[in-house]
Amino acid sequence: MTRGASKLDSAGTGSRTHAPLHLVCAAAESDRISDLGGYVFGEIHFGARASALAAPSAGAIEVHVPVTQLGGSAITEYWLSPSPVEHGRLGEIRYGVNEQVLFAYTAFEFSRSGAVLEQRTRRQYEAMLGFLRSQGYPYLLRVWNYLPHIAQPLQGMDCYRRFCRARYQAFEAFFDDLVPQLPATSVLGTRGGELQTLFLAAKSRPTHYENPRQVSAYRYPREYGPRSPLFARATLARWGARDTLFVSGTASIVGHESRHIGDAAAQTAEILRNLDALTAEVSQTTRIPLQGLDRAPCLRVYLRNPRDLSPIRGRIEARMAPDAQIVYLQADICRPELLVEMEALIDLEPSN
Ligand code: 3EB
């Protein structure tokens, strides 16, 4: 069963204050979307576009990620705002914005020419970074990238490495000092036809974190590609009353090496150790008490092979709060030996 649909009840009119951006998972067939409370930046659907879905919320950005949801009734993710959201479109970019956060989506048709793919990726990133800057939301909080054929070689180099090189060139063209700008990120492989990117950006500067168990991705050795992946392991947005911690796609990587080749359960356990180390790091500098993902996060788990669902799920659910919202999705992961990846959003209430 998908957990967390009951969160709907507490999402709206209660006395709790909400961060300028929060996430609710709801049954896709829910007829209570109007009860979500607040305003909708956008909604994320998983799976084929043709599936029977609830009517989209008025004006909201509707994103369909072509990955199959496993092990539960279909859910939709709603990104919500406590204050009105203004929606718009500029060129290929669709966006929703409130006083503090901008939510933006763009996609382009995948190309089997490596050079074209890189050129379009770079152009897409530069357009997005320029747009965010021009709107006054220059600080990246969180980026998701869904790449068709992520591991497929195109003229001798796989799509993920080409993506990394193009992203690097765009960031380099845009920022004098790269590292402080790098946000929490995920890159997953889909069977869709478009390279989809979703950005969350803020007016004020967030704090980015690295994982003491892992080499920073921007320092990965050359064996992983001609230009390193550019992302932070986590990003913390401090809104005042509440904070939001965005945790990047986290895999069974220690140092820079993949661990537990062929063993999905052991990879999952390694990911949980990585997440413990990462949250301990955040805790130490912020004094926000955090231990792994124990604070009712929204969690996405990407698995390469549906047959691994049961061992992966067993390991994860033994550790998570009962009200955690967990979505299992079948997707490809950027290194062929990695079988599972986890990402999270932790909505941090004031600790008394
Ligand atoms: C890793 O740790 C696993 O290229 O932006 C995770 C999250 C991964 C983000 C990215 C890659 C990226 O290297 C893969």
Side-chain angles (χ1 to χ4, degrees), residues 65 67 117-118 121-122 124-125 128-129 140-151 157-172 174-175 178-179 181-190 195-201 208-235 245-261 264 267-268 270-279 281 299-304 329 331-345:
V65 182
V67 294
L117 184 68
E118 288 189 47
T121 302
R122 181 174 172 177
Q124 182 190 45
Y125 260 78
M128 184 63 91
L129 295 172
L140 297 176
L141 293 175
R142 184 59 167 104
V143 181
W144 289 268
N145 306 274
Y146 292 98
L147 241 69
H149 317 291
I150 190 166
M157 196 192 298
D158 71 44
C159 288
Y160 176 64
R161 287 168 190 223
R162 289 185 181 277
F163 167 84
C164 284
R165 181 158 65 186
R167 171 174 58 181
Y168 194 101
Q169 288 166 344
F171 272 105
E172 197 177 35
F174 233 85
F175 299 113
L178 276 176
V179 170
Q181 303 292 340
L182 303 180
T185 302
S186 299
V187 184
L188 280 307
T190 69
L195 199 162
Q196 302 171 296
T197 57
L198 191 55
F199 283 66
L200 301 177
H208 305 294
Y209 291 89
E210 291 302 308
N211 191 325
R213 297 184 87 226
Q214 300 182 300
V215 172
S216 295
Y218 52 83
R219 296 216 179 93
Y220 279 174
R222 274 295 281 270
E223 65 192 90
Y224 300 105
R227 286 288 178 278
S228 51
L230 292 181
F231 65 96
R233 300 295 178 180
T235 295
L245 183 68
F246 299 95
V247 177
S248 286
T250 304
S252 175
I253 295 175
V254 179
H256 57 77
E257 285 171 351
S258 305
R259 293 281 169 92
H260 316 293
I261 312 298
Q267 289 195 12
T268 307
E270 197 69 71
I271 292 171
L272 293 171
R273 285 191 286 277
N274 280 340
L275 294 171
D276 285 342
L278 179 63
T279 53
E281 182 80 4
L299 192 67
R300 284 188 198 165
V301 182
Y302 300 97
L303 357 19
R304 182 181 299 278
L329 301 165
D332 289 338
I333 296 158
C334 59
R335 298 185 190 179
E337 69 278 12
L338 295 174
L339 301 173
V340 51
E341 187 169 302
M342 288 168 64
E343 62 176 54
L345 177 147

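Indexing begins at 1, ligand by ligand and atom by atom, following the structure's order.
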Q. Which residues pass the side chain to side chain contact (heavy atoms under 4.5 Å, CB included) test with Q181, sequence neighbours left out?
A. Y139, F175, R205
Q) Taking only residues two or more places apart in sequence, or in another chain, which ones meet R304 in a side chain to side chain contact (heavy atoms under 4.5 Å, CB included)? A) D332, I333, L339
Q: Would you kindly check if the NZ (Lys) or CZ (Arg) of R162 is within the cone defined by 45 degrees around the ring axis of Y168 and under 6.0 Å from the six-membered ring centre?
A: no
**Q.** Shortest non-hydrogen separation from G189 to V67 and the atoms involved
**A.** O-CG1, 4.3 Å
Q.
Restricting to side chain to side chain contact (heavy atoms under 4.5 Å, CB included), what partner residues turn up for E257, sequence neighbours left out?
A. Y224
**Q.** N145 and Y125 side chains, donor-acceptor separation under 3.5 Å
**A.** yes
In a simple table, one pair per line, please give the protein and ligand 1 atom names for every N or O pair closer than 3.5 Å, along with the distance.
{"residue": "ligand 1", "atom": "2 (O)", "partner": "Y220", "partner atom": "OH", "Å": "3.1"}
{"residue": "ligand 1", "atom": "2 (O)", "partner": "R233", "partner atom": "NH1", "Å": "2.8"}
{"residue": "ligand 1", "atom": "4 (O)", "partner": "Y160", "partner atom": "OH", "Å": "2.5"}
{"residue": "ligand 1", "atom": "4 (O)", "partner": "R167", "partner atom": "NH2", "Å": "2.7"}
{"residue": "ligand 1", "atom": "5 (O)", "partner": "R167", "partner atom": "NH1", "Å": "2.7"}
{"residue": "ligand 1", "atom": "5 (O)", "partner": "R167", "partner atom": "NH2", "Å": "3.2"}
{"residue": "ligand 1", "atom": "13 (O)", "partner": "Y220", "partner atom": "OH", "Å": "2.7"}

